[in-house]
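Please find one structure pasted underneath; my questions will follow.
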Amino acid sequence: MIVSWNTTNQCNMYCAHCYRDAGCKAEEELSTDEAKTLLNQIAAAGFKIMIFSGGEPLMRPDILDLVAHAASLKLIPVFGTNGTLITKSMAKDLKAAGAKGMGISLDSLDADKHDKFRSFKNAWQGAVDGMKNCREAGLPFQIHTTVMDWNQHELEAMTDFAVEIGAKAHHFFFLVPTGRAATIEEESLRAEAYEDVLTRIMKKQQTVDIELKPTCAPQFLRIAAQLGIKTRFRRGCLAGLSYCIISPRGKVQPCAYLNMELGDVRQTPFDEIWKTNDVLKKLRTLDYSGGCGNCNYKNSCGGCRARAAYYHDGDFMTEEPWCLYHGRRGY
């Protein structure tokens with residue numbers, strides 16, 4: 001089970017696709033004590049992997065203390081970061097505090113394209129330097145790439161780069177139009193391109209030893225099965241099933257891109273929200289409509305619930321719009 005906490009809304013970048021619309025620190029972000037209470041409740045709910053994200057989580061001054069607390073609870077602390085603040089000393093400190101992995105964003109091998117997408121000069125070099133500092137400190141890291149129409153042609157080359165620099169994995173994030181990403185919705189892939197890119201990623205997996213994992217593209221499990229490719233993953237969309245996200249102010253959502261507030265951890269303990277919330281219970285029924293409801297890959301894929309909601313007036317239980325498979329079956 002995986003939970004992601006947006007530790008702060010503060011960020012040193014202004015990325016075009018940011019679902020949290022990060023930049024400035026939000027009012028009433030969880031304090032250190034409140035954050036530790038939250039971590040206690042996350043552990044009590046049975047979660048194992050604790051993702052510290054943002055904004056930029058390394059801009060939070062108490063982050064090492066929180067990582068150490070998570071590790072003391074037998075949680076596995078990992079990060080989603082732009083990488084530019086991972087100095088040599090920070091990499092060593094993170095490892096000493098108990099961090100087990102850093103997910104570092106890199107969206108192109110062309111530094112100018114990456115920097116433009118991130119609205120930050122030298123973002124590419126900063127991310128790569130962060131990777132090298134992790135490698136030197138013995139802190140495992142992986143590369144996170146947001147897949148767009150303008151970078152889809154270089155994904156395999158980016159995987160090769162990930163192997164060369166020593167990454168443990170390369171994860172591909174498919175755009176869901178939430179937050180600032182709604183303004184670049186037209187740059188996201190449509191059904192045929194979506195299918196093609198997922199197929200390419202799965203075929204690339206057969207040529208490299210590191211893990212390749214599409215995110216917010218649950219159809220990769222169906223494609224892997226059709227190609228006869230084995231993967232350790234058993235479920236595509238995890239929203240509300242074994243994953244959720246918490247905002248800087250303690251608001252719980254089913255996933256980062258399904259913008260529905262299910263509860264406030266300042267008012268109701270997180271473990272209670274996780275067990276009793278009606279939206280989460282509905283997601284767990286897998287009682288989908290449309291193509292996803294009739295699909296024989298419903299239990300393994302499940303379609304992207306956030307993308308379904310965005311394109312169907314908030315109906316998060318209907319079909320995923322960019323799936324080519326159920327369209328061909330006439331569902």
I'd like to check the ring-ring contact (aromatic ring centres under 6.0 Å, His included) partners of Phe270; sequence neighbours left out, ordered by chain and number. Phe47
For residues 159-169, pull every pair meeting side chain to side chain donor-acceptor pair (under 3.5 Å), keeping only residues two or more places apart or in separate chains. Thr159-His170, Asp160-Lys204
Determine whether Met131 and Leu106 satisfy the following criterion, side-chain contact (heavy atoms from CB on, under 4.5 Å), listing intermediate values before the conclusion. CA-CA 10 Å; Met131 295 175 199; Leu106 197 73; 4.0 Å; yes
Non-neighbouring partners of Ala309 that pass side chain to side chain contact (heavy atoms under 4.5 Å, CB included), sequence neighbours left out: Leu258, Phe316
Partners of Thr276 by side chain to side chain contact (heavy atoms under 4.5 Å, CB included), sequence neighbours excluded? Glu272
Would you please say whether a donor-acceptor pair under 3.5 Å links the side chains of Thr145 and Asp107? no
Working to the nearest 0.5 angstrom, can you tell me the gap between Ile42 CD1 and Ile49 CD1? 13.0 Å
Non-neighbouring partners of His69 that pass ring-ring contact (aromatic ring centres under 6.0 Å, His included), sequence neighbours left out: none
Report the distance from atom CD of Glu320 to atom OH of Tyr311, rounding to the nearest 0.5 Å. 9.0 Å
Looking only at side-chain N and O atoms, does Asp115 offer a donor or acceptor that is under 3.5 Å from a partner on Asn122? no
Results of side-chain hydrogen bond (donor to acceptor under 3.5 Å, both in side chains) for Glu156 - residues two or more places apart only: Arg200
Answer with yes or no whether the side chains of Asp33 and Ser31 bring together a donor and an acceptor at under 3.5 Å. no
Test salt bridge (Lys or Arg N to Asp or Glu O under 4.0 Å) applied to Glu34 - qualifying residues, sequence neighbours left out: Arg266
Whether the Ser53 and Asn6 side chains hold a donor-acceptor pair (N or O, under 3.5 Å, no angle test) is what I'd like checked. yes
Pair Glu56, Thr81: side-chain N/O donor-acceptor within cut-off below 3.5 Å: yes
Would Ser108 and Glu154 count as having a side-chain donor-acceptor pair, cut-off 3.5 Å? yes
Under the ring-ring contact (aromatic ring centres under 6.0 Å, His included) rule, collect the residues that match up with Phe173, sequence neighbours excluded. His144
Nearest-0.5 Å distance, CD of residue Gln10 to CZ of residue Arg60: 10.5 Å
Among residues at least two apart in sequence or on other chains, which ones pass side-chain hydrogen bond (donor to acceptor under 3.5 Å, both in side chains) with Lys36? Asp65
So CG of Leu198 and CG of Leu155: to nearest 0.5 Å the spacing works out to 10.0 Å
Under 3.5 Å donor-acceptor, Arg305 side chain and Pro254 backbone: no
Donor-acceptor contacts, no H, no angles, side chain residues 228-239, under 3.5 Å, sequence neighbours left out:
residue	atom	partner	partner atom	Å
Thr231	OG1	Phe233	N	3.2
Arg232	NE	Glu211	OE1	2.6
Arg232	NH2	Glu211	OE1	3.0
Arg232	NH2	Glu211	OE2	3.4
Arg234	NH1	Thr231	O	2.5
Arg235	NE	Cys237	O	2.8
Arg235	NH1	Lys298	O	2.9
Arg235	NH1	Asn299	O	2.9
Arg235	NH2	Tyr288	OH	2.7

Which pairs, with at least one residue in residues 126-139 and sequence neighbours excluded, count as a side chain to side chain donor-acceptor pair (under 3.5 Å)? Lys88-Glu136, Gln125-Asp129
Across all chains, not counting sequence neighbours, the side chain to side chain contact (heavy atoms under 4.5 Å, CB included) partners of Ser89 are Thr87
